[in-house]
Amino acid sequence: MGFSYDWDRQVKTCDPNYYQFTQQIFALFFEHWYNKQSQKAEPISSLIAHFENHGSDQLHAHGGKIESFTPQEWKAMSALQQHDILNQFRLAFIDETTVNWCEAMGTVLANEEVINGLSERGGYPVVRKKMKQWSLRITAYADRLLSGLNTLQWSDAIKEIQRNWIGKSQGAEIDFVVRGTLKTLKVFTTRPDTIFGATFMVVAPELENLQEFCSEDQWPAVQAYANKAKNRSEIDRMADTTKTGVFTGMEAINPFTGEPIPVWVSDYVLANYGTGVIMAVPAHDERDFAFATTFNLNIIPVIKPTNGELELPLKEAFSAKDGVCFNSGFLDGLSVKEAIAAAIEKVEKAGWGQAKVNYKLREAGFGRQRYWGEPFPIVFDHEGIPQLVNQLPVELPQVESYKPTGNGESPLSAVSQWVNTPHGKRETDTMPGWAGSSWYFLRYTDPQNTQELASKEALSYWQQVDLYVGGSEHATGHLLYSRFWTKFLYDLGYITWDEPFQRLVNQGMIMGEDGQKMSKRWGNVVNPDDVCAQYGADTLRMYEMFLGPLTDSKPWNTHGIEGVSRFFGKFWRLFYEGEQWAVTQEAPTAAELKILHKTIKKVTEDIESMSFNTSVSAFMVATNELGTLKCRKKEVLETLLILMAPFAPHITEELWSQLGNTNSIHIASWPKYDASHLVENSFSYPISINGKTRAQIEFELNASEADIQATVLSHELVVKWMEGKPLKKFILVKGRIINVVV
RNA sequence: GCUCGGGUGGCGGAAUAGGUAGACGCGCAGGACUUAAAAUCCUGUUUUCAGUAAUGAAAGUACGGGUUCGAUUCCCGUCCCGAGCACCA
């Protein structure tokens, strides 16, 4: 096909020479934490220094929850206790995650391998199970991943997918005191303006200390419900939107009204978003409304439309974000926007909570219980504390079997001579496929380097990827992870830019002739090798471009390729008269130069905007016009060849050499168009009367408007269509159109 | 349901800082060259109506409104297609 790949820069992520640096980057994640104050990753040593000097006080670290401690307490801790705390802040850390466990297969399955709670292969039951494994703290970068999108030339679709995935929402965390106890339930809400309408609370069934918020007599029912909910897969939950739940027997106090409201448990509240607890405002939230209706709970409207009244009783939740508060004490009369600000101010002043930003983005699971993957450069010492291995690469051992062990551990755990080292046991999970693919573009700059992932010189010469052409299926995977790794390596000073792919274009697919995706199943597969054998690579390339815009999916049409094939025939005959070479040295005429420079301009602009289909059309137009003029002049044809070289690399190279050139056309410099060849001094104006084209008159472009108007108004057709009515307005758009309004 | 794209001839598609809608190609029809065919070249091809014809008129960029001298392009509403998300408080 004539792709100009530089095979000297080929990389293989599964080659130890490559993955030793994937392991090194993992080690860097492990040795860094995220400072929310400086907004960047910093070495773990600075965090340890902070603990030694200030304890947990004034900590601006992104991470998990810890009990507060003093410097003295920190120093008195055991290595294991210190590890547990540091683990809460390391950017590569051991996380408790929920996985899809298939007992029958003895393995963990990916979400897409689970269908309706059963394994895709075999149809065995799958349950959700907690498992400790490595994760990368991508949430530390959530804000930068979000704001960085604004600087990128990516399609709106992909940007939007990433924005949704990151899912930033602003609101407040508010504490509700549980009646008759000293305990509080912390909720996250984006609508604190509706708090006077909060008539009950709902906690997620997975909440760890669930029992604390249950009365003794309700606990058995709650426990039974929670156990059932735990084993429901996400897909099951999704499929079933009817509301289920159990009353916990407890009540909480709405801090704004002082009224007690019941606390329920239901699986429509997700444990891993927000605090896993919500204040339910049934009048203004569809889900809460459905729940309240199902269980006959109180519904109090507190927001009404800006211009109008609510229809009571409510038939559905009024969830619009423009409205006015009522039934809401000091918030009455305020708009939703004003009330949100006022409610947060009140919450903070009263010490009930604070403004809070939440993200849907979850930490990136980085462990796989599979053989094929980069081993972690980690050994767990005799205390079970993970220690980095300095000697890289840590290579995959040869094994007898790649199959799962059956107990959920990686196949590597069975290779005891590999697992056991003098310093402890190796981590036997391996890294996911996206580990190596998150930085390969950096490796392209310096693929043979054995000392570092790439030299500073190479990285600063090549910089980030100018243009990435790929499918949109990587939107929330590869493309997000690569941005994350790039920002991290930027923080550490490895690179001087913090976005990997400046411009991203999602190419469309060539569909079958029937408009469906090409598939053996539909019998509509067209093999490019066959097309190439029949028509040649240049014809195939150009036809694919000619089919339509790069970003669109479009059906293949076998007849259509004939048109491109014929075009090459015509193009060839500009150079040959029969078998006879026919190119001349004559100087081109003005008309020929105009054709050439028009084409240079069009193709140069089209390449910039990736409108290759219209470039092909421009080549056809130029070839047709030059053919009509019988132009065989070297000066014109040689330049046209250069323009076509990126589109049809083979035929252009051949004709280029036949023109007597000894170097390759693909290193020739790109022509510049000369505007002086394109100047027109007259234009054939379409004359509209009341917006309808009625005549065509040619005028010099520098003719005066008065002269033009006089000529137009006395023109036979214009007179006819004006039907004697008086002229209302005469519009002249120079070089475009004339409109006579009567 | 929400978010983001998009609807133009028989087909793929062109043209949007508002200015001759349908470039280019496919297909189709007719013609030239040829003993014939292939190849090549030429002409026509949005729809409807009138006309033997040249030609003329009207409508037309999913549908209905609006702004404008002028709208495929801008605004409002509706329908349809595609992609993504999916109880995210």
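Only heavy atoms go into these numbers, but all of them, side chains included; no hydrogens, no water, no symmetry mates. Lettering follows sequence order; numbering is per chain, from 1.
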Query raised in the report: Do any side-chain nitrogens or oxygens of A/Y273 fall under 4.0 Å of OP1 or OP2 in B/A89?
Result: yes
Report summary line: Of A/Y543 and A/P549, the one whose nearest nucleotide on RNA chain B sits closer to the 5' end is A/P549
Shorter than 3.5 Å, N or O on both sides, protein versus nucleotides 37-42 of chain B: list them out with atom names.
from  : atom 1 : to     : atom 2 : distance (Å)
B/U40 : O3'    : A/R573 : NH2    : 3.3

Requested in this report: State which residues pass side chain to side chain contact (heavy atoms under 4.5 Å, CB included) with A/H597; sequence neighbours excluded, sorted by chain then number.
Outcome: A/L593, A/I600, A/Y673, A/D674, A/H677, A/L678
Query raised in the report: When only distance counts, do a donor and an acceptor, one from the side chain of A/K243 and one from the base of B/C87, lie under 3.5 Å apart?
Result: yes
Query raised in the report: Taking only residues two or more places apart in sequence, or in another chain, which ones meet A/S682 in a side chain to side chain donor-acceptor pair (under 3.5 Å)?
Result: A/E698
Requested in this report: From the options B/C24, B/A14, B/A59, select the nucleotide whose nearest atom is closest to the side chain of A/N624.
Outcome: B/C24
**Report entry** Bracket notation of RNA chain B in which parentheses pair within the strand, [ ] cross earlier pairs, and | pairs with another strand (Watson-Crick or G-U, under 3.5 Å)
**Finding:** (((((((..(((......[....)))((((((.......))))))(((((....)))))..(((((..]....))))))))))))....
Requested in this report: Report the nucleotide, chosen from B/A15, B/C85, B/C24, that has the shortest atom-to-atom distance to any side-chain atom of A/K360.
Outcome: B/C85
Enumerate the protein-to-nucleotides 2-11 of chain B contacts in which both atoms are nitrogen or oxygen and the separation is below 3.5 Å.
from : atom 1 : to     : atom 2 : distance (Å)
B/U3 : O2'    : A/E160 : OE2    : 3.3

Query raised in the report: What residues, two or more places apart in sequence or in another chain, satisfy side chain to side chain contact (heavy atoms under 4.5 Å, CB included) together with A/T558?
Result: A/E513, A/W556
Mind listing the side-chain donor-acceptor pairs of residues 683-694 of chain A below 3.5 Å, one per line with the distance, residues two or more places apart or on another chain?
from   : atom 1 : to     : atom 2 : distance (Å)
A/S684 : OG     : A/Q696 : NE2    : 3.4
A/Y685 : OH     : A/G735 : N      : 2.8
A/N690 : OD1    : A/V742 : N      : 3.0

Query raised in the report: Which one, B/A21, B/G84, B/G12, comes nearest to the side chain of A/T693?
Result: B/A21
Query raised in the report: Can you find a side chain N or O atom of A/R694 that sits less than 4.0 Å from OP1 or OP2 on B/A58?
Result: yes
**Report entry** Check ion pair A/K630-A/E577 (N to O, under 4.0 angstrom)
**Finding:** no
Using the 3.5 Å cut-off, write out each protein N or O paired with an N or O of nucleotides 17-19 of chain B and the distance between them.
none

Requested in this report: Return the set of residues passing ring-ring contact (aromatic ring centres under 6.0 Å, His included) with A/H715 (not counting sequence neighbours), or none when no residue passes.
Outcome: none
Query raised in the report: Who are the ring-ring contact (aromatic ring centres under 6.0 Å, His included) partners of A/F247, not counting sequence neighbours?
Result: A/W264
Query - Selection from B/A89, B/C24, B/G13 that lies nearest to any side-chain heavy atom of A/K554 - result: B/G13
Requested in this report: Under the ring-ring contact (aromatic ring centres under 6.0 Å, His included) rule, collect the residues that match up with A/F546, sequence neighbours excluded.
Outcome: none
Report task. Please list, by residue number, the residues of residues 165-176 of chain A whose heavy atoms come closer than 4.0 Å to an atom of RNA chain B; answer none if no residue qualifies. Result -> A/S169
**Report entry** Distance, rounded to the nearest Å, where A/I278 contributes CD1 and B/C87 contributes C1'
**Finding:** 10 Å
